[in-house]
S.K.: 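Supplied in structure tokens, the structure appears directly below.
Source: prediction; values computed, not measured. Side chains included, hydrogens not; waters and symmetry mates left out as well; all remaining heavy atoms used.
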Amino acid sequence: MKPLSIPELTDHPALDIALDTVKRNKQALVFCNTRRSAESTAEKLARKIDSKSDDLEKLADEILNVLSSPTKQCRRLAYCIRKGMAFHHAGLASKQRKLVEDNFRNGRIKVIASTPTLAFGLNLPAFRAVIKDLKRYGGRWGLQYIPALEYHQMAGRAGRPDFNDTHGEAICIASTEKEAEDIVEKFINAPPENIYSKLAVEPVLRTYCLSLAATGFAHSKKELVDFFEKTFYGYQFQDMNAIESILDKMLNYLEEWEFIRQSKKDDFVSANSLGDDKIEVTKLGERVAQLYLDPFTAHQIITALRRATQKTATELSYLQLACSTLELRPLPSVRVKETDFIEAELNESSSLLIAFEPSVFEPEYDEFLKSMKLAIALESWMEEKTENEILEEFNIAPGELHLKRNLCDWILYAGEELAALLNFRDIIKNIRKTRFRLDKGVKEELIPLARLKNVGRVRARKLYRNGIKDIGDIKKADMTKLTQLLGEKTALNLKKQIGEDIEKVSKGKRKGQLGLGKY
DNA sequence: GGACGGTGAAACTTCAGGTTGCCTC
DNA sequence: GAAGTTTCACCGTCC
């Protein structure tokens with residue numbers, strides 16, 4: 001194949017290649033190693049494009065209005081979209097992600113600069129897959145080459161047989177001859193890495209131990225060992241003695257946490273028998289298994305709930321508990337300039353916290369600070385801060401906020417269930433309230449309004465500011481005012497929800513809805 | 001003389017991804 | 001390790 005000659009229009013070859021693809025009226029995916037880089041790549045490309053189209057203008061507006069108040073990320077994406085460029089990563093709101101994907105498929109968007117999200121799972125082929133970075137930051141090891149498997153995933157996006165492409169091009173960028181040789185050797189000619197069983201990780205192993213016992217699949221340690229022997233994990237591990245001792249450790253934890261009871265047979269009766277160590281699952285253990293919860297997390301929650309019965313726990317206490325579980329990881333990082341205010345907040349509310357709190361000198365302290373940061377961010381969501389404010393203040397993008405809110409809700413739901421089983425009635429009430437406010441993103445005063453269908457944080461606040469503060473006020477409010485605030489359909493709907501079926505207000509008189517800003 | 005604004009270099013900071021549960025407030 | 005962001009010194013202009 002003859003070498004491509006591509007004009008140098010920008011400061012990076014990956015961008016030049018992407019622009020060249022657009023010139024040929026084809027599509028490209030540019031894979032970047034960070035979200036920031038994906039965004040700036042798309043923006044730089046957009047700056048080089050001067051075409052315009054009505055379709056893209058419309059799409060950009062749609063992208064901009066996905067959230068009730070657009071974030072700077074929304075504005076940036078909308079700017080790119082206007083030029084037929086886009087970025088894609090987990091920080092996008094899910095609707096925006098879908099819009100980007102769909103409009104790449106239908107050809108309106110020409111280039112997507114993305115993190116590896118697009119390479120996994122999504123079927124989004126393009127004529128060219130440009131892999132801008134083959135290295136990624138790997139904690140204390142600095143920049144490291146990505147796995148060959150990941151390279152294959154990304155390169156595999158090149159070529160669209162469904163669109164009669166006869167070939168596709170996967171392009172890596174090297175800055176020296178030596179690097180080019182490295183890339184060929186490490187990625188293009190290299191087989192993918194071995195796959196290891198996920199069971200080999202302790203959290204997964206202990207979850208399965210408990211759930212196998214809880215579902216009656218295994219009644220003794222022997223049956224557990226038999227089961228794992230037949231799995232891919234057993235096949236890979238081979239050494240069943242080692243597995244047995246790992247299982248021993250897991251079972252001891254489960255027993256210590258009161259999820260199972262092990263009835264041991266006299267040791268000297270049968271020296272070699274794993275034999276008759278019966279496993280009995282407690283009520284608590286059964287519920288933990290049903291909740292698909294890592295037993296360690298469950299134990300962590302239960303310990304914290306016990307503490308909560310003995311002191312005043314606030315919503316922040318429950319949020320921070322949820323944020324300190326493994327399920328919420330990876331946690332958003334704490335920036336240097338944030339450390340001070342998080343520690344200040346910590347000083348203030350330390351007595352309220354119910355989860356384990358390491359000292360400054362322990363290695364867990366970093367993660368603890370992060371959990372505190374996320375908890376504060378979620379709390380400010382409940383205090384009605386907008387997505388943009390949270391992005392600016394905490395550097396947590398809308399998509400990520402949404403994901404963390406869901407995870408947090410799941411953990412808190414589990415906490416609620418466990419509290420019910422343990423008969424901690426007061427706690428249940430508080431967790432429910434926390435979950436509700438977290439779901440809706442409202443202050444306490446808006447709870448009665450936000451309970452109504454079709455009323456979220458925006459409408460509830462609008463009503464409240466106009467003196468309508470609860471169901472009683474909605475009953476009293478006249479339709480004209482409600483219509484003015486929320487529009488006719490929603491107003492009628494609200495009245496219906498509280499048991500009043502009102503005929504439509506006189507037609508033709510309808511004024512525009514009142515903007516939130518003015519009231 | 002001082003406030004202000006623009007510029008560029010140096011110093012500093014940050015870094016990918018995503019499934020599970022329930023109906024009740 | 002590299003790209004992006006912030007900070008800061010420096011200079012010119014204006015009032």
S.K.: For A/Y235 and A/F232, take the angle between the two ring planes, folded into 0 to 90°, and tell me which bin it lands in: parallel under 30, tilted 30 to 60, perpendicular over 60.
M.R.: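 Ring orientation of A/Y235 relative to A/F232: parallel.
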S.K.: Name the residue closer to the 5' end of DNA chain C, choosing between A/G142 and A/D11 according to the nucleotide with the nearest heavy atom.
M.R.: A/G142
S.K.: Sugar-phosphate atoms are those with a prime plus P, OP1 and OP2; base atoms are the rest. Using that split, label each nucleotide of nucleotides 15-25 of chain B B, S or - for protein heavy atoms under 4.0 Å, 5' to 3'.
M.R.: BBSB-BBS--B
S.K.: Taking only the P atom of each, what is the distance from B/dA16 to C/dG4 in whole angstrom?
M.R.: 13 Å
S.K.: Going by the angle between their ring planes, with limits at 30° and 60°, are A/F296 and A/H299 parallel, tilted or perpendicular?
M.R.: tilted
S.K.: For a quick test of reading the model: is some side-chain N or O of A/K44 closer than 4.0 Å to OP1 or OP2 of C/dG4?
M.R.: yes
S.K.: Decide if the gap between the ring center of A/Y151 and the ring center of A/Y145 is smaller than 6.0 angstrom.
M.R.: no
S.K.: Once you apply a heavy-atom cut-off of 4.0 Å, does A/K132 come out as touching a base, just sugar-phosphate, or nothing?
M.R.: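 If one applies the 4.0 Å heavy-atom cut-off, A/K132 turns out to touch nothing in the nucleic acid.
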S.K.: Applying the Watson-Crick and G-U wobble criteria at under 3.5 Å, what pairs with B/dG6? Answer none if nothing qualifies.
M.R.: C/dC10
S.K.: Quickly, which of A/R461, A/R457, A/K443 forms a salt bridge (charged side-chain N to carboxylate O under 4.0 Å, His left out) with A/E384? Name it, please.
M.R.: A/R461
S.K.: Using 0.5 Å steps for rounding, measure from the CZ atom of A/R307 to the CD1 atom of A/I427.
M.R.: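 Rounded to the nearest 0.5 Å, the CZ-CD1 separation comes out at 12.0 Å.
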S.K.: To the nearest angstrom, how far is A/E338 atom CD from B/dT13 atom P?
M.R.: 12 Å
S.K.: Does any non-hydrogen side-chain atom of A/T41 lie less than 4.5 Å from one of A/F87?
M.R.: no
